[in-house]
Amino acid sequence: MRLYEYEAKKLFGKYGIPLPIGGLAKSAKEAEKISGEIGMPVVLKSQVLTGGRGKAGGIKIEDRAEAIPGLAEELFKLKIKGFPVQTLLVEKALEIKKELYLGITINRAEYKITIIASDSGGVDIETVAAEHPEKIHRVELEIDDPFYSFQAIRLAGEIGLPSEKVRDFAKIALGLFEFFKSYDAKLAEINPLVLTGSGDLIAADARVSLDDDALFRHADLKDMGIEKRHEEGELTPRETQAREWGIPYLDLDGDIGMFPGGAGFGIMGNDFIRYFGGQPANFMDSGGGPTPERLSRMLVLLDENPQVKAIFGARFGGISRCDDFAKGVVKFLREHGLSKPMVMRMTGNMWQEGVRIFEEARKESPELFEKIEFHGIEKPIEEIAKRAVELAREAG
Ligand code: GDP
Ligand code: MN
């Protein structure tokens, strides 16, 4: 699980890693107050659980005190990759002479710990690795190996640090390693590690991902307000709602609402939609033997998502029977109503009964079925996926 930059920095501080001075602001007023205390210029940093904040406009450097409240207001209105900015880290701005990279991660393929340093920091390290592999320097350790200062010193030399900075760098690298091991981290990254105009090495950014399964070993994290959270970021409002209802659900970027029966069918459905040129708006799993209530809620999540233009439904009746599936959909149509075009298919256990339930309900209230096309085994799944892509295009 990811930590916020300010949380990661708090932990780095315990291991002697030099950090900019600053404080955390939840309002423009607080940002102004902290700026006043630390003095200009300051950097305002949006705290969200995702990288690339700089590029997204979430980092502002400012030297006029009177501009701070306005800038802070602007950042509080910002959404970065869908995540609202609720706190700002206000720090004394560094005078950057050089941006370096230092990171520690687990090499899963080889069961090793990898320490990576580069003189090209401040940018995406994957890009550096792809375009200039010669600028990436590594130390590979067996899981239980110590990280010796001579190895850290060698890294400092490899990234071309002047000899008087080598000790400082080694101290930071060893501190980061100790943090990494002590907290069961999966990733600990300083990007950029800044060499300032006055010749200091300071961690300008901090990115940490911890192993969720080892959280119980670190009671102090809970005291800091760090508890189990979503791997890549906060939950979206819909993901939160789905979790409350016990439905495995993930928002994606597309416009086709995915209403599958089961995770496997869900994955296949997403593949089909992409193959035919569409973009799924979500991933979802109904779980085994879902109740009509649960199925109806799954549809609510899709129908109320403004991004969704059409809904794709596919049920293969195994343990979960198609007639129960049809009852759930009918329940949704009666109680909620469908506002988006939807195409769906049922095969497997009790599919004829499922289709019959639909046909009967349609006879009773045809207006509820205006936007829904349903099929049984006669139409292959590819056709359903194609049709969903078509419906989304027509609606767009
Ligand atoms: P990220 O984009 O989410 O990784 O956020 P960072 O904290 O790494 O900031 C992005 C970039 O903003 C850095 O690479 C720097 O170029 C710049 N930056 C961050 N803090 C400072 C600072 O204190 N002074 C200056 N001059 N630039 C900064
Ligand atoms: Mn960064």
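Numbering of ligands and ligand atoms starts at 1, following listing order.
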> Under 4.0 Å between a Lys/Arg side-chain N and an Asp/Glu carboxylate O for Glu383 and Lys386?
Replying inline: yes
> Is Phe150 atom CZ crowded by more than 12 heavy atoms from other residues, nucleotides or ligands, each under 6.0 Å away?
Replying inline: yes
> Which heavy-atom pair separates Phe259 from Met342 by the least distance, and what is that distance?
Replying inline: CD2-CE, 3.8 Å
> Taking the inter-plane angle between the rings of Tyr183 and His218 on a 0 to 90° scale, is it parallel (under 30°), tilted (30 to 60°) or perpendicular (over 60°)?
Replying inline: tilted
> Name the residues with a heavy atom less than 4.0 Å from ligand 1?
Replying inline: Val43, Lys45, Gly52, Arg53, Gly54, Ile59, Ile61, Ala93, Leu94, Ile96, Glu99, Gly122, Asn191, Pro192, Asp205
>> Could you identify the N, O or S atom of Asp205 positioned closest to the Mn ion (ligand 2)?
In response: OD2
Per-pair distances, 0.1 Å, donor-acceptor, side chain in residues 20-31, under 3.5 Å, sequence neighbours excluded:
residue: Ser27; atom: OG; partner: Glu30; partner atom: N; Å: 3.2
residue: Glu30; atom: OE1; partner: Lys26; partner atom: N; Å: 2.7

>> Using 30° and 60° as the class boundaries, would you call the ring planes of Phe12 and Phe179 parallel, tilted or perpendicular?
In response: perpendicular
